[in-house]
Amino acid sequence: MSRIVTDKNVDPETMLLPYLRKKLRLTGTKYGCGGGGCGACTVMISRYNPITKTTRHYPANACLIPVCSLYGAAVTTVEGIGSTKTRIHPVQERIAKFHGTQCGFCSPGMVMSIYTLLRNHPEPSLDQLTDALGGNLCRCTGYRPIIDACKTFCKTSGCCQSKENGVCCLNQGINGFPECEEGDETNLKLFSEEEFLPLDPTQELIFPPELMIMAEKQPQKTRVFGGDRMTWISPVTLKELLEAKVKYPQAPILMGNTSVGPAVKFKGVFHPVIISPDRIEELSVVNYADNGLTLGAGLSLAQVKDILADAILKLPEEKTQMYRALLKHLGTLAGCQIRNMASLGGHIVSRHLDSDLNPLLAVGNCTLNLLSKEGERQIPLNEQFLKKCSSADLKPEEILISVNIPYSRKWEFVSAFRQAQRQQNALAIVNSGMRVFFGEGDGIIRELSISYGGVGPTTICAKNSCQKLIGRPWNEEMLDAACRLVLQEVSLPGSAPGGKVEFKRTLIISFLFKFYLDVSQILKRMDPVHYPSLADKYESALEDLHSRHHGSTFTCQGVDPKQLSPDPIGQPIMHLSGIKHATGEAIYLDDMPEVHGELFLTFVTSSRARAKIVSIDLSEALSLPGVVDIVTEEHLHGVNSFCFINKTEKILESNEVSCVGQLVCAVIADSEIQAKRAAKQVKIVYQDLEPVILTIEDAVQHNSFFEEGRKLEYGNVDEGFKLADQILEGEIHMGGQEHFYMETQSMLAVPRVEDQEMDIYVSTQGPTFTQDLVASVLKVPANKVMCHVKRMGGSFGGKTLKTGILAAITAFAANKHGRAVRCILERGEDMLITGGRHPYFGKYKAGFMNDGRIVALEMEHYSNGGNTLDESLLVLETGILKLDNAYKIPNLRCRAWVCRTNLPSNTAFRGFGFPQSGLITEYCITEIAAKCGLSPEKVRKINMYKEIDQIPCKQEINPKNLIQCWEECMAMSSYSLRKAAVEKFNSENYWKKKGLAVVPVKYPVGLGLRVLGQAAALVHIYLDGSVLVTHGGIEMGQGVHTKMIQVVSRELKMPLSSVHLRGTSTETVPNTNFSGGSLTADLNGLAIKDACQTLLKRLEPIISKNPQGTWKDWAQAAFDESIPLSATGYFRGYEADMNWETGEGHPFEYFVFGAVCSEVEIDCLTGAHKNIRTDIVMDIGFSINPALDRGQIEGAFIQGMGLYTTEELNYSPQGVLYTRGPDQYKIPSICDVPAELYISLLPPSENANTLYSSKGLGESGMFLGCSVFFAIYDAVNAARQERHLFGPLKLNSPLTPEKIRMACEDQFTKMIPRDKPGSYVPWNVRI
């Protein structure tokens, strides 16, 4: 299904993504971030080269591709490769059937990345596969099922392709021990590979012949496109390009738009003219000359990568030192999409401070070949060029045509280094290129070049230091002198942009040390007589972190043999929307077609953390074309607030703002572009107020708290301390977390002509809350407002109260103007406005015996609530109630407070307080173990609940399954054997360390109050025997609708195909509670079960008369006898209560138990870590759908791992959030998934009064991620002990590369200069 699109009036400012979505109505390609960082908008671009007669297919980010650049290209979107209406493609089928979709928002991008890979490599290797997905983010699945689906296309499907000890992983099973026998009934197959559609490359879409003919026969002439503000010039010959550059010397030359595009979008840069060369052969030259390799400036980085890989195979090894170093960086630079779009010339000329290639090219004596109408010119790619010195730079009318990269010589060595927050698709914190030339084998330095990126406004060359080292021998004295010289020359002020100053200083010399070792090792290999060999312990510094390919197993419960065969309960049913996710046919809110006369709303937010608003000038914004109105607090007179948990919160603020990102007013315009432009013209004058409170420490100092706090006490703490052998005091700080749901906050309000009715379509977890708030703002009863939710592209707690506020303002605007209004937040706006997980600060005082038994524990918890209370008190209470985790603490006292600060209000987030309070407890246990000289696992085990007991609020607990999970995890992970192996590895490797940690989990599930657990459902049986069901739960990726259809199928004993579920609406099920708390399926499933049983009771006489009949027969017979075929179902909630006065109650219905063992490897010189293996054992009752439940466990684990390691929010000292997109905020990507991930579910052991004895799993897995934190802690501890650092180890969360590196203290951390606190203003503050 292909069509030619001809558009003579395309605006040069229009990107492919909005063009596809709004103009062509191809909504499968999604908006995720707008900056090329998430991969949700991936499409395949195909270009035909009439000279070589070849077609190049490559993946690209539609959000960054100007439509004008696509002349003559074929664009393949997810709709183009397959759909349910025609036929689905094998990639779409396998991702869906392997359960590789949850919310499904990222799935079309994933599909297109893999599809493009298969177009180029029908049988890819696993390395090619993981590389292809490196630029795609997923927040739900944890990536493992996506990897497994894609592995079926690989040459050796199912094998990790890494033979350790000469044994294939398929033969050795887990831990090198054989797996369960084939006949073992506990291994339930989640999919059937035999049924998959085969991949047939001959059946793929061909490059359109019309475009091929056009490319070969059309006369070559410059194309010009003009828009309202910009002119686009596409020269097709070198001569025309040079003429355009003379005419418009200031116009940028744009190839991939990966540098100009983000600058325009995020920094407000504007270019009235853009020159974009198209298929100019001279810009794509590849020439092997005598002096080196010349590469055209127009080659993409992906093409450069392939060319260099080819050169390394062709040329002698000694000539390829520079090419190998460049290739190493090209493997991790950005994602596959960006590498295929970005050009070599653009990368060089942009001279970004964190460019990965420029430091290498600068040390390699590279030459830039320039061209203008005046003729050719060569300039060196050196420090002057990188600093943009006018004498060493391109002249305005010149273009960069090619780059010459010299061959390396014998006795010349080049190395590349980089360290980023995440190993792949992340900008470097520091990178470096280093080259040394000895002239001959005497080891005397003849030439030395060292360059760094990330430590200054551009790439910095340590020229003076290198000069002073020439003539010196390559030995440790030289290294010591080099480190000191470089630290003096490459100096970073304490207030340097990007922060992490001491870490960057350490990396500067750590990289230098790695280079020293690297070269020393090669010298030894070349001349073993004259060069001493490295100590064995030091060799590990040069090896890459453990990178075995992905392996996984899943051991789950078999289906009860007594169960009737068509009964779907316990079966791994695919997500109802799985195929539609993969084909792009699943409709999310912004995929809904435009309503006639629709307007767009965008928000104007505060730019100050605490200030009085002196004035708001709307005049200029209102005068702009297309602007309809600006809604302010004045318009909402009398309805500008709402009450939540007895606290009043304002909707819009025009008097005094209390955080950056607070909603001040809303601009309504005919289009999104017009609304955004107008919002920038709203002029607000502020008068700053003091104090600005950002951190928990600030709040404590200024006594800034919400309410009185909470207290929980059990036993007699004071007496307990008297009994203790030892007492320990400590503290830990834990940073917040951004939800980073793939679909940003989205809503569409459609006013109806009659009766003041309003339909509001919104991506929310709480349709009833939204309905009530909209009704309040519109001053109409709730029965006039219908709130509809089909599905959400992720949420994790982030689409609750704030979503209701945004929807209320959108509905107000729609009501005021009688026109539909749409509001879709951009990623940066979303992250700025919505808040996230609460940062925590925990203090503890523990009394314990010498064997590690805790006899008394006193704790203080402080939560950073932000500027309004929101759900912070509920989060705090839940955190306290669960803080004991799996441990019986006989005497416990915890006091906790929510701090009021000048940050956007923090809110609900998966785990709801437990990931913070549980970490504080586990950290305390780890410290106790260190004090007792015991392993943390021993201290964990001795303190675990062992028999029927009470948790601190005096609710009863039976820990039988907790102990079983722990024991099974210890056995499954071969903990004892691997602990010994880790210790052996650590004794043999000085610069790399491994760590191992096992953590138990007790996650109580319940909402604390029965009223919060109510649920309702509506079930209709139609005369043809089909069923329509609706309920109050929201589908956000967890598969609740799939489970609900399974419930109907079991109860009514009918096939799944006869049951349909349209979505959730307040029109069909009223007064619903928020979906969350792991209970959505439990509660709504019981309501549906109730409705089905009501229907069956009514129909019993009919069915008994005709037991062999079909549902069609029974429905018609019931209708003929006037028996109603529709029923509501209701569940009034589990019994629950909690009295905070007495600290006693029964807030929970049941406990989810589990245990997890994780192993990591860290690089002590850079702070990088690799997740080697994780084993998880969970007790989940009787699983309704083991495939969905596995997805929840894995997805939560990876999200938790991100929370405790890479996900770091940065704020300025003025309270401005820096981390506003995937470029700055790093959620886990495919490279972070443990190389081996094994999950086992306990067989069901108890019949509970839950839905079919199942347990809710949405949140419990989040805490499993802390096992990676403690494994890193273990590895850091090993490094410190080897360095004789026996003092207490203080590590806060998240454990980023910076914290890991700085904790592994060594001669380099001691060598760096340190700034005195107070002598500078830091770039960021720790929140």
**Student:** Evaluate the ring planes of Trp897 and Tyr862, with Trp represented by its six-membered ring, and classify them as parallel (under 30°), tilted (30 to 60°) or perpendicular (over 60°).
**Tutor:**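 Ring orientation, 0 to 90° scale: parallel.
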
**Student:** How long is the straight-line distance from CG of Asn1073 back to CG of Leu1083, given to the nearest 0.5 Å?
**Tutor:** 8.0 Å

**Student:** Scan side-chain atoms only and decide if Ser872 and His838 contain a donor-acceptor pair under the 3.5 Å cut-off.
**Tutor:**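 Yes, a side-chain donor-acceptor pair sits under 3.5 Å.
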
**Student:** Looking only at side chains, do Asp1189 and Ser1183 share a donor and an acceptor under 3.5 Å apart?
**Tutor:** yes

**Student:** Enter the distance from Leu892:CG to Ile854:CD1 here, rounded to the nearest 0.5 Å.
**Tutor:**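 Atom-to-atom, Leu892:CG and Ile854:CD1 are 9.5 Å apart.
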
**Student:** Just checking, is any N or O donor in the side chain of Thr907 or Asp870 under 3.5 Å from an acceptor N or O on the other one?
**Tutor:**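 Distance-only check passes for Thr907 and Asp870.
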
**Student:** Check the side chains of Ser1245 and Asn961 for a donor-acceptor pair under 3.5 angstrom, ignoring hydrogens and angles.
**Tutor:**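 Checked: Asn961/Ser1245 side chains pair up, N/O donor to acceptor below 3.5 Å.
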
**Student:** Please check if any side-chain donor atom of Asn885 sits under 3.5 Å from a side-chain acceptor atom of Glu922, or the reverse.
**Tutor:**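 A pair is found: one side chain offers a donor N or O, the other an acceptor, under 3.5 Å apart.
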
**Student:** Might you work through the salt bridge (Lys or Arg N to Asp or Glu O under 4.0 Å) test for Glu649 and Lys647, ending with a clear yes or no?
**Tutor:** CA-CA 6 Å; Glu649 294 194 19; Lys647 284 283 176 192; over 6 Å; no

**Student:** Do Glu871 and Thr800 have side-chain atoms, one donor and one acceptor, less than 3.5 Å apart?
**Tutor:**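 There is such a pair (donor and acceptor under 3.5 Å, judged by atom type) between the side chains of Glu871 and Thr800.
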
**Student:** Looking at Glu1194, Gln1038, Arg139, Gln1192, which hits side chain to side chain donor-acceptor pair (under 3.5 Å) with Gln102?
**Tutor:**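 In the set Glu1194, Gln1038, Arg139, Gln1192, the residue that makes a side chain to side chain donor-acceptor pair (under 3.5 Å) with Gln102 is Gln1192.
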
**Student:** Any idea how Phe1074 and Phe644 line up, ring-wise: parallel (<30°), tilted (30 to 60°), or perpendicular (>60°)?
**Tutor:**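 Answer is perpendicular, since the angle exceeds 60°.
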
**Student:** First locate atom CG of Leu1264, then atom OG of Ser1267, and finally report the distance between them rounded to the nearest 0.5 Å.
**Tutor:** 6.5 Å

**Student:** Between CD1 of Ile1184 and OG1 of Thr1250, what distance do you get to the nearest 0.5 Å?
**Tutor:** 8.0 Å

**Student:** Report the residue from Tyr1150, Phe1151, Phe914 that forms a ring-ring contact (aromatic ring centres under 6.0 Å, His included) with Tyr1003.
**Tutor:** Phe914

**Student:** My understanding is that only residues two or more places apart in sequence, or in another chain, count here; which of them pass salt bridge (Lys or Arg N to Asp or Glu O under 4.0 Å) with Lys1089?
**Tutor:** none

**Student:** Evaluate the salt bridge (Lys or Arg N to Asp or Glu O under 4.0 Å) criterion for residues Glu1259 and Arg910: first the C-alpha distance (whole Å), next the side-chain angles of each, then the deciding distance (0.1 Å), finally the verdict.
**Tutor:** CA-CA 5 Å; Glu1259 298 177 291; Arg910 193 180 205 170; over 6 Å; no

**Student:** To the nearest 0.5 Å, tell me how far Glu1144 CD sits from Glu1141 CD.
**Tutor:** 12.0 Å

**Student:** Side chains of Thr1064 and Glu1035: does their closest heavy-atom pair fall under 4.5 Å?
**Tutor:**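 Of all side-chain heavy-atom pairs linking Glu1035 with Thr1064, none is under 4.5 Å.
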
**Student:** Got a second to check how far Leu1086's CG is from Gln1093's CD, nearest 0.5 Å?
**Tutor:** 9.5 Å

**Student:** Do Thr768 and Thr1066 have side-chain atoms, one donor and one acceptor, less than 3.5 Å apart?
**Tutor:** no

**Student:** Could you tell me whether Lys1002 sits above the aromatic face of Tyr945, with NZ or CZ closer than 6.0 angstrom to the six-membered ring centre and within 45 degrees of the axis?
**Tutor:**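 So Lys1002 doesn't make the cation-pi contact.
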
